[in-house]
Amino acid sequence: MTSEALIDYVKGLLGDKTKWADPEAGDNFLTVASEDWKNICQTLATDKKCSLTYLRNFTGTDYPEDDEIELTAHTFSYSEKHGLIIKTRISREAAVCDTLSKIWPAAIWYEREIFDLLGVSFNNHPDLRRILMPEDWVGHPLRKDYKQQETYRGIPTTRPA
Amino acid sequence: MDAMVEQGPEGSFVLGKVDDLLNLARKNSLWYMLFGTACCAIELMQTGGPRSDADRFGMVFRATPRQSDTLILAGTITYKMASRIRLLYEQMAEPKYVIAMGSCANTGGLFQESYAVVNGGDLFLPVDVYIPGCPPRSESLIEGLMLIQQKIEKEPWLKKAWTNTKNPKDPQIEGLL
Amino acid sequence: MNALADFIINSLGLSGLSAELVMLLLVVAVAAAVFGIGMTISGLLTLAERRVAGRIQSRIGPNRVGPFGLLQWLVDGLKLIMKEDVVPHDADPHMFRMAPYLVVVGVFAAFASLPFGQLLIASDLNVGILYLLAITSLVTVGVLMSGWASNNKWSMIGGIRAAAQIVSYEIPTALSVASIILISGTLSMQGIINEQGGWPWQWYIFYNPFTFAVFFLYFTAALAEGNRIPFDLPEAESELVSGYNTEYSGMRFAGFFLAEFANIYLMSAIATTLFFGGWQIPGVTPEQQAGSLVLQITGMVVFMSKSAVGCFVVIWIRWTLPRLRIDQLMSLCYKYLIPLSFVCLGGNAIYLLIFPKPSSANTLVHMITTLFGGVLIVIFVTRVMYHHRISGVSLDLNFLARGEKGKYNPETQVRAYGSFRKKYEKKQGAK
Amino acid sequence: MVFYFTALITVGTASYAVFSKNITRCAFSLLYSFFGMAVLYGLLSADFVAVVQLMIYVGGILVLLLFAVMLTGNIELAANSNKTASRWLGYPLGMVIFVLLVSVFLRVPWGKSAVQAYLPTIRAIGESFLGRLLLPFEFLSIVLLAVVIGAVVIVRNRNVCNASEEEEST
């Protein structure tokens, strides 16, 4: 399916639940509300014509000026040879979202990474632990207002002059 | 050698001679641990290869910390790895030496501002020799190993063994283990 | 032995001492001598391994201590004595300390019955070859003990692998030795050598086609028993850290290390005794040799050089071949080596029935087998020379190289590439 | 003197093997016991038997024993390792065997024989195996053959079971 055809098809499938980006912006992506996040991903992954069965990338971005964290899922369909970017925004304080690991098992590690670096906790995630930073690390480094701790287990985090 | 005779109690001359022999043995059989944390490890492997043969000096690699004399910090050290490296260091048998190889192991280098990288191996290990470079060539690493040899030559080993084996500069970081 | 003790007492005027005490001292002295010889040989072998490895990998190898780095092994030993002797907290301390002794005793006790010369043997037992096979089984238990006592999973896996391997490969080793015993009719090491002669066609390897095959069976099985590459699974560095000696440091590790190299010499020496005529000098009968000191020393040199060649081949194999998988190792033993050694044993028995010992037909068979072996060697050498020629690399077999021998020469490489290209173009043209 | 020393080691380690709670140590202490026994055989000028004792008991049986001990899970637990039929059956049985041994020991006319020079015993052993003792020898061979076949059959059966289970699961 070409990307225009895919956009039209998804628009028809999901109706007014989606908000589409300005086509001038480059990539075509749709933004959904965080309550519909899991259901829409489920629909897009299982729908016969979309069949976006492959999660290429799943990441998050911090927007302190909007007080929101944006989650971005890059999906791809090997059978139909098309891809789609799905986004959602959640609040920074209560950073909670539904897990995608039931739909795409690859999301388990991606979600652990987002949890580790941005502090988003995912409901019903099978194994939500830190993946990159040590287990007893304080804070989530990719938040824009992150302040590094002074010492980690006795190692100073800044080089003494 | 002269300095040692002056320092020591009576009979230190004999001890010094024996020390010379023992240090000759120790410096010519400096086994290093086969351990690399990042890209400098490629140069570490290269040092054992044909063009710059570390085996000429009697330096062979050992896979286990128990049998190695030198720990070469080859590459970027993250905080998560730091506790493992400290554990490996504690598992090594005395006497042991540490070489910080490359900018990252010296000061954090390119990744100094990163949230995950330790700003230098000397923040949690007693480093004996720093080798600059990104990565250092194998010649530099050999020179670093030869500096360790020079350090060994000057050590009063017998007296050290009888008195205190703890290095006073050793930062004792209890939380790491 | 008693007579010797009496002789010493009488000649030195030590009548105050009892014969038993002198004999005890004598035994201790002989044991110390054997141990010293074993240590020296295995130490020198560690050096030889590193030098040969250096040349094979176009490096130089240790050359800083002593002439040609000849004292490197002493320096290594001295350093290992000085290292801290670590006993892990969770290890079983008594057994952890005991295991290296068992391994060292198992290997070095075997040196007591090696015939370095016609008179140079610590104790020529009636059951010499069986004794060698039996006493080295202490190594199995020592290795298992070290693996278990270290309380480390790599050590444990290494120890179990080592034990399984040694126990399995003991069978083909013993069966190939049995073939030789069948021919010689004696178990004593000197007896087996006495049955052979100095010339190659009098050696047992060329006795008949079956013994020729048996030699290769023995060599493969002995490689596996000594835990050498390609059968070094117990201490596979890339999988098991260091296998059963992972937790050992200092002198205890040196014990394992020396025992491993002593084992190499042991297998080469046994092969020399069983298959290559031991200390027999070509053209000299044992009776003549017994009378002369010069011939005795020559015999020793002959024995040592034959086993040195064996050691060299073992080291050469180690730096050439990759490692086997554990299931390949076991299937090699149980599916190929054991049946083949049974076939060879039966073949030898039938051969002995058809050709009783001294007969001209027998000599003919020896000659034909020797010729066959010679042809094989010639084919091997010509193949090596051919490949060496087309590779265009200058040959440098100087194992004692001190400095910049065997330099990298870009021109020879270009020439080699050129010759390959010419061949390739010829082939393309022919098509 | 050598005799008493070896006897002490043999008996001491054997009793350690019996009385110790740590079963792996028991197995390892058997090593010294076997070794001491080999030395005792050697002192009795039975060199072949001594060597075979080392080869088979130390090299084969002990290693198999250790394998069994090490590969069994939770062998350190007393419940797993020291399961006996009954204490009250064991003691009388031990006593009976002890009395039997003592009576044999007392009845045998122990004569002091001169220490013989080391003579090759292998030929004598071989000839008696293929001559006077041919029937027991062949009988033993048949028993061993049966054991080998039995072992193969057991292993084969298990493999077949596993294969069929795998088929069912897939």
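To find a chain, count down the sequence lines: A is the first, B the second, and so on, and within it residues start at 1. Values below: all heavy atoms of this structure, side chains included; hydrogens, waters and symmetry mates excluded.
- At distances below 3.5 Å, not a single donor-acceptor pair connects side-chain atoms of C/Glu247 with backbone N or O atoms of B/Thr64.
- Taking all atoms of both residues into account, the shortest heavy-atom contact from C/Val75 to B/Ala25 is CG1-O, 3.1 Å.
- Between B/Arg62 atom CZ and C/Thr246 atom OG1 the span is 9.5 Å, to the nearest 0.5 Å.
- Listed options C/Leu74, C/Asp76, C/Leu71, C/Leu78 were ranked by heavy-atom pairs under 4.5 angstrom with chain B; first place goes to C/Asp76.
- At least one side-chain heavy atom of C/Pro88 sits under 4.5 Å from a side-chain heavy atom of B/Arg66.
- Interatomic distance, NZ of C/Lys79 versus CG of B/Leu30, reported as 7.5 Å (0.5 Å rounding).
- Within a 6.0 Å sphere centred on CD of B/Glu143, other residues, nucleotides and ligands contribute 12 heavy atoms or fewer.
- By the 6.0 Å contact criterion, CE on B/Met146 is open, its count of non-hydrogen atoms from other residues, nucleotides or ligands being 12 or less.
- Among all heavy-atom pairs drawn from C/Phe253 and B/Gln67, the shortest one is CD1-NE2, 3.2 Å.
- In this structure, no portion of C/Asp85 lies under 4.5 Å from any heavy atom of chain B.
- Under a cutoff of 6.0 Å and an axis angle of 45°, C/Lys83 and B/Trp31 do not form a cation-pi pair.
- Within 6.0 Å of atom CZ in B/Phe61, 12 or fewer heavy atoms from other residues, nucleotides or ligands are found, so the atom counts as exposed in its surroundings.
- A donor-acceptor pair is defined here as one N or O able to donate and one able to accept, closer than 3.5 Å; such a pair exists between the side chain of B/Asp53 and the backbone of C/Gly61.
- Listed options C/Gln57, C/Met82, C/Arg50 were ranked by heavy-atom pairs under 4.5 angstrom with chain B; first place goes to C/Met82.
- Annotation: the span from C/Arg64 atom CZ to B/Asp55 atom CG amounts to 11.0 Å, rounded to 0.5 Å.
- Of all residues in residues 100-117 of chain B, none places a non-hydrogen atom less than 4.5 angstrom from a non-hydrogen atom of chain C.
- With respect to chain C, the highest number of heavy-atom pairs below 4.5 Å among B/Ala54, B/Ser52, B/Gly58, B/Gly49 belongs to B/Gly58.
- Residue B/Ser68 touches chain C through its backbone alone, counting heavy-atom pairs closer than 4.5 Å.
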